[in-house]
A.B. asks: 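Sharing a structure below in structure tokens format, with a few things to ask.
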Amino acid sequence: MADPMTQSAQISSSQGLADGQNSVAAKDSKMSGKRKLYLIQRKLKDLVHWRDPKKSGVVFGLSLLTLLSLAAFSVISVISYLLLALLCVTISFRIYKSVVQAVQKSNDGHPFKALMEKDVSIPPETFHKHVDVSLTYINRFLKQMSKLFLVEDLIDSLKLAVVMWLLTYVGAVFNGITILILGKSLSQHCTQHCTTQIDRYMEIARTQVNTTMAKLQEKLPGAVKRTKAE
């Protein structure tokens, strides 16, 4: 029989190895999550700045069409029409491929087989992670709202009251969908036409700041002494 001390040492070493593997796996999953978030943010930034005009045009057109549809119809009607259009496309393509296979006497199988074999389920870890992040923002929002409505700071509560009063006039003229459409159109216009002007003004401001800092450094006694010493 093995020595009890040897057995305990082996058990502790195996536990330490398992803990190390678990920590490495946790670090890898954390890094992969950060990488995925970075890639998503980069793709969104590329869409907003029109790095790929085709993709940005498709996304902007579809989102604008959806907002216009919501302004004219109810949410249920818009969702029903979208799903009906998707079903018409997939059913038509399925029938077309079936006819082509029957005419050509081929056995290519289901046309959406590759898509059907993809895993579209959401991992529990990803779901819980996003729920935790959302819960953090929700709790922060609820805490801030409780401070405002329970008048912890009178000035902040009065500011909120003024904003809500102004929004009543905005709501009498525009609805939420109209404001979203206007905001999207204005943001798109600014992204396409104002980026160059903003960059030019930023460059001018940066030049002015650098010139002012250089003049101040020349007038400082320490800077004068350092220049004379050189």
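If you're wondering where the values come from, they're calculated on a predicted model, not measured in any experiment.
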A.B. asks: Can you tell me how far the SG atom of Cys88 sits from the CG atom of Leu84, to the nearest 0.5 Å?
C.D. replies: 4.5 Å

A.B. asks: So does Asp132 get a backbone contact from the side chain of Thr136, meaning a donor-acceptor N/O pair under 3.5 Å?
C.D. replies: yes

A.B. asks: Find out whether Val163 and Lys159 are in side-chain contact, i.e. whether some heavy atom of one side chain is under 4.5 Å from a heavy atom of the other.
C.D. replies: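 No, their side chains stay 4.5 Å or more apart.
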
A.B. asks: Who passes side-chain contact (heavy atoms from CB on, under 4.5 Å) against Val99, sequence neighbours left out?
C.D. replies: Ile95, Val103

A.B. asks: Each residue besides Leu154 in its hydrophobic cluster should be listed here, by chain and number; the cluster joins Ile, Leu, Val, Met, Phe, Trp and Tyr at side-chain heavy-atom distances under 4.5 Å.
C.D. replies: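 Besides Leu154, the cluster holds Val151, Leu158.
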
A.B. asks: Would you mind listing every ring pair (Phe, Tyr, Trp, His ring centres under 6.0 Å) that reaches into residues 135-160, with sequence neighbours excluded?
C.D. replies: none

A.B. asks: Could you give the distance from OG (Ser157) to CD (Glu152), rounded to the nearest 0.5 Å?
C.D. replies: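 The distance works out to 8.5 Å.
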
A.B. asks: Does anything in residues 75-98 form a side-chain hydrogen bond (donor to acceptor under 3.5 Å, both in side chains)? List the pairs, not counting sequence neighbours.
C.D. replies: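 Checked against side-chain hydrogen bond (donor to acceptor under 3.5 Å, both in side chains) - neighbours excluded - the pairs reaching residues 75-98 are Ser74-Ser77, Arg94-Ser98, Arg94-His110.
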
A.B. asks: Answer whether the closest heavy-atom distance between the side chains of Thr168 and Met164 falls below 4.5 Å.
C.D. replies: no

A.B. asks: Please collect all side-chain hydrogen bond (donor to acceptor under 3.5 Å, both in side chains) contacts where either partner lies in residues 112-123, sequence neighbours excluded, each pair once.
C.D. replies: Asp119-Ser121

A.B. asks: Following the transitive rule for hydrophobic clusters with a side-chain heavy-atom cut-off under 4.5 Å over Ile, Leu, Val, Met, Phe, Trp and Tyr, establish whether Met145 and Leu167 coincide in one cluster.
C.D. replies: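 Both belong to a single hydrophobic cluster.
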
A.B. asks: List in chain and number order the residues that pass side-chain contact (heavy atoms from CB on, under 4.5 Å) with Leu135, two or more places apart in sequence or in another chain; answer none if no residue qualifies.
C.D. replies: Asn139

A.B. asks: Tell me every residue that passes side-chain contact (heavy atoms from CB on, under 4.5 Å) with Asn107, counting only those two or more places apart in sequence or in another chain.
C.D. replies: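 Expected list: none.
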
A.B. asks: Could you please spell out the steps behind the side chain to side chain contact (heavy atoms under 4.5 Å, CB included) verdict for Leu148 and Gln144?
C.D. replies: CA-CA 6 Å; Leu148 291 172; Gln144 186 65 28; 4.2 Å; yes

A.B. asks: Can you name the side-chain contact (heavy atoms from CB on, under 4.5 Å) partners of Leu62, sequence neighbours left out?
C.D. replies: Val58

A.B. asks: Can you get from Leu87 to Ile79 by hopping between Ile, Leu, Val, Met, Phe, Trp and Tyr side chains that sit under 4.5 Å apart?
C.D. replies: no

A.B. asks: Who else is in Val162's hydrophobic cluster (ILVMFWY, side-chain heavy atoms under 4.5 Å, direct or via others)?
C.D. replies: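 Val162 clusters with Trp165, Leu166, Tyr169.
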
A.B. asks: By the rule that ILVMFWY residues connect when side-chain heavy atoms come within less than 4.5 angstrom, directly or transitively, which residues belong alongside Met116?
C.D. replies: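 Its cluster mates, by chain and number, are Phe93, Phe112, Leu115.
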
A.B. asks: Got a sec, which hydrophobics cluster with Ile122, joining ILVMFWY side chains under 4.5 Å apart, including via others?
C.D. replies: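 Phe127, Val131, which link up through side-chain heavy atoms under 4.5 Å apart, make up the rest of the cluster.
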
